[in-house]
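Sequence lines set the chain letters: A, B, ... in the order given, protein chains first and strands last, and positions in each chain run from 1. What you see is a predicted model, and the numbers here were worked out from it, not measured in a lab.
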Amino acid sequence: MKRKVLSAFGLLAVFVAILFCLGLPGSKAQAKTYQIGTDVTYPPFEFANKKNKYVGIDIDIIKAIAKEEGFKVNVKPVGFNAAVQSVQSGQLDGIIAGMTITPERKDKFDFGTPYYKTGAVMAVKKGSNITSFKQLKGKKVALKTGTAAADYANSLKKKYGFKTVTFDDSDNMYQDVTTGNSVACFDDQPVLQYGIKHGLKLQIASKPANQGWYGFGVKKGTHKQLIKKFNAGLKIIRENGTYDKIVGKYLGTTANPQVKGKTFTIGTDVTFPPFEFANKNNKYVGIDMDLIRAIANEQGFKVKIKALGFNAAVQAVESGQADGVIAGMSITNARKAQFDFSKPYFNSGVVMAVAKNSKIHKLSELRGKKVAVKTGTSGADYANSLKKKYGFKVVTFDDSNNMYQDVTTGNSIACFEDHPVMQYAIKQGTKLKIVTKPALNAPYGFAVKKGHNQALLKAFNTGLEDLKASGTYDTIKAKYLGSDEIKTAAKTSGNSAEDRTFIGLIKQNQGALLSGLKETLWLTVVSIFFATIFGVLVGLMGVVPNKFSRGTSTTLIYLFRGMPLLVLALFIYTGIPSLTGQKIPAFVAGVITLTFNEGAYIAAFVKGGIEAVDPGQMEAARSLGLPFGKSMRKIILPQGIRIMVPSFINQFIITLKDTSILSIIGLLELTQTGKIIIARNLEGFKVWTIVAAIYLIIITVLTWLSNWVQRRTKV
Amino acid sequence: MSEKVKVTNLVKTFGDNEVLKGINLTVQNNEVVVIIGPSGSGKSTLLRNLNKLEEPTSGSIVIDNVDIARNDVDINSVRENIGMVFQHFNLFKNLTVGENIMLAPIELKKETKEQAEAQAKKLLATVGLEEKFGATVQSLSGGQQQRVAIARALAMNPDIMLFDEPTSALDPEMVGDVLEVMKKLAKQGMTMVVVTHEMGFAKEVADRVVFVDDGQILEEGTPEQIFEHPKNERLQDFLNKILNV
């Protein structure tokens with residue numbers, strides 16, 4: 001039976017795969033796409049970051065150049081040797097992989113303008129007393145195959161009498177030295193520098209030798225056009241500062257020592273354009289996003305953006321789950337009691353907007369009508385302060401989009417929103433118009449929990465000043481609000497160009513939907529795993545002949561079955577860190593929430609299932625002399641489990657659906673993904689239809705499976 | 001004859017309800033004692049106290065010189081020597097006939113599968129069901145199930161067997177086969193305590209018949225004394241009722 005269940009899951013997987021294959025890219029790029037090979041892992045030049053996205057100096061440079069020159073690249077991390085060979089065989093068009101330009105390589109490759117200067121250095125274990133090559137005599141030295149540094153070491157080998165061990169990747173090479181197998185290794189200087197900065201327990205013990213340059217290579221005599229474009233693009237990014245920014249990002253030249261290299265979690269709103277919103281590629285952009293990233297870049301720290309929604313973001317900072325919040329947050333006296341604010345980075349004010357064809361244009365016309373606001377915003381505060389005077393009712397929403405829709409559909413007569421946000425939304429096609437002048441002029445600030453993260457706050461202020469001085473600040477602002485840019489912004493977010501049919505929407509968002517689905521399934525599977533353990537344990541505690549254990553079981557079931565999932569999720573995500581001072585990643589909080597909640601239900605039916613087994617079975621087993629535990633295991637559980645199987649499968653389906661509730665703590669599962677896509681394209685009906693269909697398909701398969709298993713296990 | 005079981009002043013209460021009101025009963029080795037009495041009189045409770053399926057409230061139950069009413073007794077090892085046969089058979093529904101019989105010997109006596117299997121087949125032969133070794137429990141009739149249950153109890157080589165109304169749940173045509181097996185056991189000298197309404201069985205097989213009513217033993221004696229010359233009024237009543245149906 002087990003095998004059949006597995007194969008049914010396989011079927012499900014195939015089903016899902018087919019669903020997404022249907023939406024494979026049909027839109028052929030007009031610009032040429034080049035296939036570029038790179039190394040698997042050669043930080044800081046190329047490596048997968050925590051999100052498994054390839055980043056690094058090489059990757060950022062080739063992408064920046066491609067952008068400047070209007071071509072596309074598909075970077076493939078195939079490994080250094082494989083990349084070299086693939087370029088030679090014509091499988092790949094070019095290679096950028098921290099590849100030193102050497103005379104031998106020039107026989108086979110044409111190189112672009114050198115883009116990075118490097119040299120080979122020797123590194124030894126931290127604290128080692130080796131400082132010269134002479135001390136290597138008779139010892140082992142670790143090298144990485146095919147690197148210029150390895151060539152250099154091999155050239156010294158005879159003279160200094162050391163042995164070499166060769167590895168296929170840098171990590172293993174370093175480890176061979178840190179564990180003491182080898183006494184030293186040779187590698188390119190920036191690579192080692194970066195590694196050491198990130199905690200590698202090595203120290204550099206020689207001056208850079210065999211200095212050379214890294215170059216972008218193509219097969220000799222081919223792709224002249226590509227080399228030309230590379231050289232032209234490199235020149236542009238060197239001149240406009242992008243190059244320095246990229247290098248600085250990884251090697252942290254201008255970094256602020258207090259925050260350097262640290263990663264801060266920054267909470268933000270799910271959708272508050274133009275300050276934060278997911279673009280077509282579902283990457284968070286906007287004034288806030290660009291600003292915090294530019295400041296982080298400049299100050300040498302890293303940010304992890306968490307689009308939690310405004311309220312959740314504010315709570316996350318208060319509870320210590322996030323280090324700071326940047327979410328178009330007005331600086332108010334009330335908030336100052338809880339937060340320390342940066343210098344204002346944007347001046348805003350609240351306006352009233354009504355449906356395009358509405359005749360309302362004054363606050364006094366709102367008497368007796370409904371007005372939509374978004375929770376926790378200055379717009380909401382403003383509306384609440386006026387509602388007595390003007391006699392209107394307030395309806396509260398959790399995100400801007402729903403608030404706008406309430407006005408366009410006529411449920412509410414007007415809404416209150418920050419001026420730039422309203423402006424941007426209208427330009428994006430929201431059918432509203434602004435009818436009042438900005439009121440309550442309130443500046444936006446970046447906030448940290450009062451008394452905490454002062455270094456981050458200081459870095460933000462310094463960075464903001466620098467960005468203002470360098471003009472970057474104005475560029476960012478103009479990108480989203482400048483009159484010329486608005487059109488391009490509208491274009492990039494693609495209101496007119498995007499295909500708005502169902503198929504079109506699936507095609508554009510398949511990546512996001514797929515990763516949302518993956519998160520949903522992953523969350524479901526992990527939660528079910530732990531919930532089953534928890535549930536079975538608590539259920540069993542409920543049937544053993546021990547008053548204390550039965551009481552505990554009953555209490556746990558009562559507590560976790562009685563608490564709404566939403567409340568439990570928020571309690572665990574924001575409450576626990578406030579109590580313990582320990583951050584919990586959203587995914588973990590989500591899994592804990594589901595484990596307790598679903599586990600309580602599982603416990604209840606496990607208990608029930610065992611109790612449903614004829615008590616005579618236990619008596620017969622016990623009267624043979626079998627102890628309680630053995631009787632349970634051999635006789636009662638096998639019969640009880642048969643009774644429980646349908647309930648288990650039912651619970652799995654419920655768990656899958658319940659994951660959607662975890663969107664509240666910012667988990668990017670299927671529902672949250674849908675929310676974000678809608679925030680960008682405002683196609684609520686169609687996107688929710690797609691999301692609903694995906695849930696239904698999976699649940700249909702699961703239901704079918706459940707019926708099948710039920711038939712199978714009938715006694 | 002030596003004493004196998006000696007029950008002294010056994011009291012059992014369920015809440016306020018006193019079900020056994022001070023029972024004194026002795027069972028000799030190789031003796032067959034049949035307990036009769038109206039339903040609700042406490043005879044099943046008395047039997048279930050003998051292997052502690054019910055916890056005695058007070059009094060003592062000495063089996064082979066060990067008072068099992070005490071709390072510090074290793075009840076599991078005591079039970080290994082006491083076979084129990086239930087009214088509703090209680091065969092393990094998740095196991096086959098053979099597995100039902102082999103489970104305890106393998107788990108508790110650490111017999112190998114081969115030993116247990118050989119013994120199980122032998123026991124099935126004695127109850128006339130050798131061909132049912134691999135059958136599922138659900139495929140057997142009630143009478144067959146009860147005979148397997150007896151074989152299961154015998155697999156641990158107990159030196160006393162308790163029968164709790166073993167034929168009450170059977171269709172009349174099945175009763176004979178089960179009683180036949182029990183008679184055979186009695187002939188082989190097994191010590192047996194049987195709660196039953198089968199007066200024919202009691203007359204034929206019992207060494208001693210015990211009449212229980214209202215939680216007390218009102219009369220005991222040989223089958224002849226009990227059935228031919230009952231002294232107690234309630235016993236006379238009881239016999240009138242069941243023999244003149």
Side-chain angles (χ1 to χ4, degrees), chain A residues 1-5 532 536 539-540 543-551 605-649 709-715, chain B residues 44 47-55 68 73-96 99-110 136-139 145-146 148-158 160-164 169:
Chain A
M1 191 186 81
K2 209 179 219 171
R3 206 178 327 128
K4 289 202 174 154
V5 173
T532 305
V536 168
L540 288 178
V543 294
V544 299
N546 175 310
K547 268 186 191 154
F548 174 76
S549 131
R550 280 181 194 225
F605 67 67
V606 164
K607 207 171 133 182
I610 291 170
E611 282 166 352
V613 175
D614 174 12
Q617 296 283 310
M618 180 56 107
E619 285 188 350
R622 294 307 305 274
S623 62
L624 282 170
L626 290 167
F628 178 84
K630 217 166 229 172
S631 310
M632 223 11 157
R633 244 184 10 258
K634 296 277 173 185
I635 303 302
I636 309 302
L637 283 182
Q639 296 183 46
I641 285 167
R642 275 191 194 163
I643 299 171
M644 297 167 205
V645 165
S647 308
F648 262 114
I649 293 180
V709 172
Q710 238 162 303
R711 270 200 309 275
R712 282 274 142 160
T713 53
K714 248 182 203 153
V715 183
Chain B
S44 278
L47 193 75
R48 288 161 63 84
N49 268 281
L50 297 185
N51 72 347
K52 257 187 145 181
L53 277 182
E54 302 293 351
E55 198 73 29
I68 66 162
V73 164
D74 176 8
I75 192 61
N76 290 329
S77 64
V78 170
R79 281 172 178 158
E80 287 182 26
N81 295 318
I82 306 176
M84 176 93 175
V85 175
F86 298 86
Q87 180 178 0
H88 294 287
F89 338 131
N90 295 350
L91 289 184
F92 305 133
K93 291 179 188 143
N94 55 320
L95 303 180
T96 64
E99 288 166 344
N100 260 277
I101 301 169
M102 288 151 60
L103 177 72
I106 290 176
E107 293 294 330
L108 300 174
K109 286 195 180 164
K110 305 294 167 207
T136 61
V137 169
Q138 288 78 11
S139 70
Q145 287 195 43
Q146 193 60 298
V148 173
I150 295 171
R152 176 178 69 180
L154 290 172
M156 288 299 286
N157 290 321
I160 175 165
M161 287 281 284
L162 309 178
F163 291 86
D164 188 4

Between side-chain atoms of residues 623-632 of chain A and protein atoms elsewhere (two or more places apart, or another chain), which donor-acceptor pairs fall under 3.5 Å?
from	atom 1	to	atom 2	distance (Å)
A/Ser623	OG	A/Glu619	O	3.0
A/Ser623	OG	A/Ala620	O	3.1
A/Lys630	NZ	B/Glu107	OE1	3.3
A/Ser631	OG	A/Leu626	O	3.4
A/Ser631	OG	A/Pro627	O	2.7

request  = Could you check A/Asp614 against B/Lys93 for side chain to side chain contact (heavy atoms under 4.5 Å, CB included), going step by step and ending with a plain yes or no?
outcome  = CA-CA 10 Å; A/Asp614 174 12; B/Lys93 291 179 188 143; 4.2 Å; yes
key: Best-contacting candidate, B/Met84, B/His88, B/Arg152, against chain A by heavy atom pairs under 4.5 angstrom   = B/Arg152
task = Please look at B/Leu162 and chain A and tell me whether the side chain, the backbone, both or neither of the residue comes under 4.5 angstrom of a heavy atom of that chain.
result = neither
message = Quick check on B/Ile82 against chain A: is it the side chain, the backbone, both or neither that has a heavy atom closer than 4.5 Å?
response = backbone
ask   = Counting a contact as any heavy-atom pair under 4.5 Å apart, which residues of residues 47-54 of chain B contact chain A?
value = B/Arg48, B/Asn51, B/Leu53
Pairs of heavy atoms under 4.5 Å with chain A: top-ranked of B/Asn81, B/Asn90, B/Thr136 = B/Asn90
inquiry  = I'd like to know if the side chain of B/Asn94 and the backbone of A/Lys634 have a donor-acceptor N/O pair within less than 3.5 Å.
reply    = yes
query = chain A heavy atoms under 4.5 Å from B/Phe92: which part of the residue, side chain, backbone, both or neither?
reply = both
